[in-house]
Each structure stands twice: as structure tokens, then as C-alpha cells.
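Read the structure below first, then the notes.
Note that the numbering runs from 1 along the sequence shown for the chain. When a ligand or atom number is given, it counts from 1 through the structure's own listing order.
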Amino acid sequence: MRRYDLHCHSTWSDGVLPPAEVVARAHGNGLDVLALTDHDEIGGNAEAREAAAALGIEFVAGVEVSVSYQDETLHVVGLRIDTEDTQFREALAGIRRGRDARARRISESLAEAGIPGTYERARELAGNDELISRAHFARALVEKGAARDTQSCFKHYLVRGKPGFVPHAWPELGEAIGWIRAAGGDAVLAHPGRYRFGKRDMRALIAGFRELGGAAIEVVTSAHTREQIGEFAALTRAAGLKASAGSDFHAPDESFVDVGCVMPLPEGLEPVWSAW
Ligand code: AMP
Ligand code: MN
Ligand code: MN
Ligand code: MN
């Protein structure tokens with residue numbers, strides 16, 4: 001059986017390895033098919049594709065688009081996108097433009113809580129001012145001794161109701177799905193178990209996602225427990241959607257699941273790659 005990992009990050013967003021190293025690591029772990037899905041950014045796909053070709057591993061161009069939906073931020077993975085699509089590139093550039101101002105506000109909020117200088121460090125860690133992510137702030141906070149690891153940062157900081165959280169307006173769900181489809185890609189609802197919705201709202205989200213042209217649900221992800229994999233497998237089948245699987249790998253010492261080490265999809269699901 002071919003092994004797929006259709007969700008991971010490089011230094012083009014908040015991963016710590018450059019695209020070629022992500023690909024080499026996935027290859028070393030015995031993976032057959034990899035998608036690189038940086039946040040709101042497709043610039044790493046060219047390097048990853050080249051590295052994959054050199055190693056003989058199959059590559060899928062990807063992205064993970066940030067979305068505002070009700071009071072929650074959702075992530076929609078785009079797979080098999082045309083990375084030359086001008087409109088899509090412009091849409092993503094537009095999303096990235098909001099990130100620097102947001103980062104400065106996150107930093108102000110943390111400074112008010114007694115932790116100064118996080119913008120400067122997060123920006124250094126990001127290596128640019130276009131894609132500063134909360135993951136960079138989490139790493140800066142760990143360095144400053146504010147938390148023991150990035151996981152606990154997201155308990156005490158950077159989330160709603162805590163210092164370092166600032167509301168931000170990302171594109172709407174329909175816009176993100178529309179851009180991905182217009183660029184020839186399949187839209188996948190990423191790690192649904194991370195969204196704080198009850199059963200009824202989750203069903204409504206999945207139904208709405210399908211109506212708007214979404215193709216698949218990320219059933220297998222490092223963010224899901226075994227129980228959640230079962231729950232989302234059932235919801236995905238019931239909605240008549242396909243299923244995807246990805247590690248959401250960011251860094252060797254931050255991830256529960258290494259790139260390329262993704263569990264197979266549960267039985268009875270149609271994989272997102274079935275028609276590729
Ligand atoms: P942003 O797109 O700037 O809001 O940052 C979101 C990123 O922060 C995610 O892609 C993860 O890399 C990281 N993140 C968010 N929540 C958590 C969490 N609970 N634990 C670990 N990392 C998280
Ligand atoms: Mn991330
Ligand atoms: Mn995500
Ligand atoms: Mn991700």
C-alpha cells in the first residue's frame with residue numbers, strides 16, 4: 001500500500017526545516033507521496049518538487065489557507081493546486097499582508113502581560129515579515145522562559161482569552177475553497193477535531209464545507225485521537241466526502257507524528273487521492 005502524507009510545513013511558513021529537508025526526511029521515513037502545505041504560502045513547492053523528483057518520491061503541490069468562520073479560525077488545505085495560478089498567488093499574498101500588523105498587536109498584548117520583545121524575536125525566527133505565525137511566537141516565548149514548550153504556550157498564551165491573542169479577520173470559507181478550486185486543487189478541511197464546535201455545529205460545518213465545493217475531510221492527523229479518527233471517519237462517510245491524511249509536521253522536536261509517519265485511513269473511506 002502506498003503511504004501518503006498530505007499536510008506538513010517548511011521554513012516558508014512556521015516549519016523549521018527547508019522544503020528539501022522536509023522531503024528528505026519524509027523519504028527517509030519510507031513515504032511514497034508527500035504534499036507540502038505551508039500556511040497561506042506556496043513558495044516552497046518548487047524546491048520540494050525538485051527534491052522529491054531527485055529522491056524518487058511523488059510530490060503534490062499544496063497550501064494551508066487560514067479562514068475565519070463564526071468565532072473560530074479554520075484551516076483549509078489545498079492539494080494539487082496550480083502554483084502558477086496568478087489569482088491564487090495574489091489572494092495568498094493578500095492574506096499574508098495582514099500578518100505583520102497582527103504580529104505587532106500580539107507582541108503588544110504580550111508586552112502588557114510583562115513579556116517584552118516578542119515581535120522582534122518572532123520575526124527573526126520567521127526570517128521574514130510576511131509569515132509570522134503564532135508558532136514563531138510560541139518558540140520565542142519558550143526561549144524567554146515564559147513556558148516550557150510550545151504546546152503549553154498555546155494553553156497560557158496566544159489563544160482566545162489569554163495574553164497574546166488578538167482577533168484577526170481571515171478570508172471566508174467559501175472564498176478559500178473557491179480559490180483552491182479555481183487553481184485546480186482539492187479543498188480539504190484540516191484537523192476538524194481542533195475546532196471547538198459541538199456535534200450539531202460540526203455537522204453544519206461539514207455540510208456547509210461540502211456545499212461550498214470542499215472535497216475531503218482530514219480524518220487522520222496528528223491532532224486527532226483514535227476516537228476522533230473514528231468520529232470524523234463516520235461524519236465524512238455520512239457527508240459523502242473523501243478523506244485525507246497528514247502529519248501536520250512542523251519541527252522534529254515539536255511534532256507527535258514525524259513527517260511521512262501517518263496512520264492509514266480507516267476502512268471504507270474514499271481517499272482524496274482516489275481520482276488523481
Ligand atoms: P497562526 O496561523 O499564526 O494563527 O498560527 C497557527 C499555528 O500555530 C498552527 O499552524 C500551529 O503551527 C500553531 N498552533 C496553534 N495551536 C496550537 C496548539 N494548540 N499547539 C501547538 N501548536 C499550535
Ligand atoms: Mn503551523
Ligand atoms: Mn492547521
Ligand atoms: Mn498545518
Test side chain to side chain contact (heavy atoms under 4.5 Å, CB included) on I229 and M263 and set out the steps.
CA-CA 10 Å; I229 291 174; M263 284 205 295; 3.4 Å; yes

D186 and W276: side-chain donor and acceptor closer than 3.5 Å?
yes

Would H250 count as a contact for the Mn ion (ligand 2), in the sense that one of its N, O or S atoms lies under 2.8 Å from it?
yes

To check your reading of the model: name the closest protein heavy atom to atom 7 (C) of ligand 1, its residue, and the distance in Å.
D14 OD2, 3.7 Å

When you check the gap from the basic side-chain N to the acidic O, do R134 and D14 get nearer than 4.0 Å?
no

Report, in ascending order of atom number, the atoms of ligand 1 lying under 4.0 Å from any heavy atom of S133.
3 (O), 5 (O), 7 (C)

List the closest protein heavy-atom neighbour of atom 6 (C) of ligand 1: residue, atom name, distance to the nearest 0.1 Å.
R134 NH2, 3.7 Å

Just to be sure I read this right, does ligand 1 sit under 4.0 Å from the backbone of H39, its side chain, both, or neither, counting only heavy atoms?
side chain

Quick one: do R123 and E120 make a salt bridge, cutoff under 4.0 Å?
no

Among all protein non-hydrogen atoms, which one is nearest to atom 1 (P) of ligand 1, and what is the separation to 0.1 Å?
R102 NH2, 3.6 Å

Checking R104 against Y119: charged group under 6.0 Å from the ring centre and within 45 degrees of the axis?
yes

Just by distance, with hydrogens left out, do E231 and H224 show a side-chain donor and acceptor under 3.5 Å apart?
no

For atom 11 (C) of ligand 1, what's the nearest protein heavy-atom neighbour? Residue, atom name and distance, please.
H250 NE2, 4.0 Å

SB check E41 R96 (cutoff 4.0 Å):
yes

What protein N/O/S atoms are there under 2.8 Å from the Mn ion (ligand 3), waters excluded?
E64 OE2, H75 ND1, H191 NE2

Using a 4.0 Å heavy-atom threshold (strictly under), name the region of R194 that reaches ligand 1: side chain, backbone, both or neither.
side chain

Under a 4.0 angstrom heavy-atom cut-off, which atoms of ligand 1 come close to A135?
8 (O), 12 (O)

Give the residue and atom name of whichever protein heavy atom lies nearest to atom 23 (C) of ligand 1, and the separation in Å to one decimal.
F154 CE1, 3.3 Å

How is the N/O/S atom of D14 that comes nearest to the Mn ion (ligand 2) named?
OD2

Tell me the protein heavy atom at minimum distance from atom 2 (O) of ligand 1, and give that distance in Å.
R99 NH2, 2.9 Å

Between R237 and E270, does any NZ, NE, NH1 or NH2 come within less than 4.0 Å of an OD or OE carboxylate oxygen?
no

Test: R97 and E130 ion pair at under 4.0 Å
no

Check each of D5, N29, T221 against S247 using the side chain to side chain donor-acceptor pair (under 3.5 Å) test, and report the only one that passes.
D5

